[in-house]
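Numbers here simply count residues along the sequence, with the first being 1.
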Amino acid sequence: MTWIYLIIAGIFEVVWATTMKLSNGFTNLFFSITTILGMILSFGFLALSVKHLPLSIAYPVWTGIGAVGSIFVGVIFFKDQIPMITWVFIALLIIGIIGIKMTAGH
């Protein structure tokens, strides 16, 4: 269940990052509230995961999920343009996240 909490925490990190952009500098009340709720849920699920996972494992996975997820949201919904070489490094991030999970022993 610990890894499920960590994945949920990473998903909520993507949610709050996305809704923070949509809040237009916290001028849109709905997206501002959604951003704050996303932050609370993200940190809450991260806190649940670090009860049983080392911080040295949980934190990089959490930030990696958030980073990669935010990239995909940016490309799909905001039409962000990513150079081809950047996709290589995004792939390395994904490989790193999977590698940490596979070698963590939890």
Side-chain angles (χ1 to χ4, degrees):
M1 201 62 188
T2 300
W3 283 97
I4 300 296
Y5 291 150
L6 188 56
I7 291 168
I8 293 169
I11 291 168
F12 276 114
E13 187 177 6
V14 175
V15 168
W16 75 252
T18 303
T19 56
M20 184 171 60
K21 177 175 178 58
L22 294 171
S23 76
N24 292 318
F26 293 101
T27 58
N28 180 307
L29 184 61
F30 172 76
F31 288 118
S32 298
I33 291 170
T34 307
T35 299
I36 293 166
L37 288 174
M39 287 177 173
I40 291 168
L41 290 168
S42 182
F43 281 105
F45 280 103
L46 177 62
L48 289 173
S49 72
V50 296
K51 283 183 171 183
H52 301 286
L53 283 176
L55 180 63
S56 59
I57 299 297
Y59 186 76
V61 171
W62 176 66
T63 57
I65 292 169
V68 172
S70 295
I71 290 166
F72 285 121
V73 167
V75 169
I76 294 167
F77 294 107
F78 300 114
K79 308 299 182 214
D80 294 347
Q81 298 297 311
I82 305 291
M84 190 54 77
I85 188 66
T86 304
W87 286 107
V88 172
F89 295 107
I90 294 166
L92 289 172
L93 271 171
I94 294 168
I95 291 166
I97 293 167
I98 293 168
I100 290 170
K101 164 61 173 115
M102 291 175 61
T103 61
H106 289 276

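- Here the straight-line distance linking atom OG of Ser23 with atom CD1 of Ile33 works out to 11.0 Å at 0.5 Å rounding.
- Annotation: side chain of Leu6 is in contact with side chain of Leu53 (closest heavy-atom distance under 4.5 Å).
- When every heavy atom of Ala104 is checked against every heavy atom of Trp3, the shortest pair comes out as CB-CZ2, 3.9 Å.
- Smallest separation of non-hydrogen atoms from His52 and Thr2: CB-OG1, 3.5 Å.
- Shortest non-hydrogen contact noted between Thr35 and Trp16 is O-CB, 3.4 Å.
- One hydrophobic cluster, built from ILVMFWY side chains closer than 4.5 Å, cannot hold both Leu37 and Phe31; they sit in different ones.
- Closest approach of Leu55 to Pro60, counting heavy atoms only: O-CD, 3.7 Å.
- Side-chain atoms of Thr19 and Thr34 include no donor-acceptor pair closer than 3.5 Å.
- Looking only at side-chain heavy atoms (C-beta outward), Ile90 and Ile82 come within less than 4.5 Å of each other.
- Of the possible polar contacts, none joining the Asn24 side chain to the Thr27 backbone as a donor-acceptor pair under 3.5 Å is found.
- Ring geometry, Phe45 versus Tyr5: the interplanar angle falls from 30° to 60°, so the pair is classed tilted.
- Using a 4.5 Å cut-off between side-chain heavy atoms of Ile, Leu, Val, Met, Phe, Trp and Tyr, with links allowed through other members, Val61 and Ile94 fall into the same hydrophobic cluster.
- When side chains are defined from C-beta on, Phe78 counts as touching Leu22, because their heavy atoms get closer than 4.5 Å.
- The shortest heavy-atom contact between Ile65 and Val14 is O-CG2, 3.8 Å.
- For the atom pair Glu13 CD and Met39 CE, the distance stands at 9.5 Å (nearest 0.5 Å).
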Do Leu48 and Phe43 pass the side-chain contact (heavy atoms from CB on, under 4.5 Å) test, and can you show the C-alpha distance, the side-chain angles, and the key distance before you say yes or no? CA-CA 9 Å; Leu48 289 173; Phe43 281 105; over 6 Å; no
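- Neither Ile95 nor Ile71 shares a network with the other; the hydrophobic side chains, linked directly or stepwise wherever heavy atoms of I, L, V, M, F, W or Y lie under 4.5 Å apart, form separate groups for each.
- Rounded to the nearest 0.5 Å, atoms CE (Met20) and OG (Ser70) are 9.0 Å apart.
- Side-chain N/O atoms of Trp62 and Ser49 include no donor and acceptor closer than 3.5 Å.
- Note on Phe12: it clusters hydrophobically with Ile4, by side-chain heavy-atom contacts below 4.5 Å among ILVMFWY residues.
- Summarising the geometry, atom NZ belonging to Lys101 is positioned 11.0 Å from atom CD1 belonging to Ile98; distances are rounded to the nearest 0.5 Å.
- Using a distance-only test at 3.5 Å, with no hydrogens or angles considered, a donor-acceptor pair links the side chain of Ser42 to the main chain of Ala9.
- Surrounding CZ of Phe26 are more than 12 heavy atoms belonging to other residues, nucleotides or ligands, all under 6.0 Å away.
- The heavy-atom pair separating Gly64 from Ile97 by the smallest distance is C-CD1, 3.3 Å.
- If you chain together hydrophobic residues whose side chains sit under 4.5 Å apart, Met84 and Leu92 never meet in one group.
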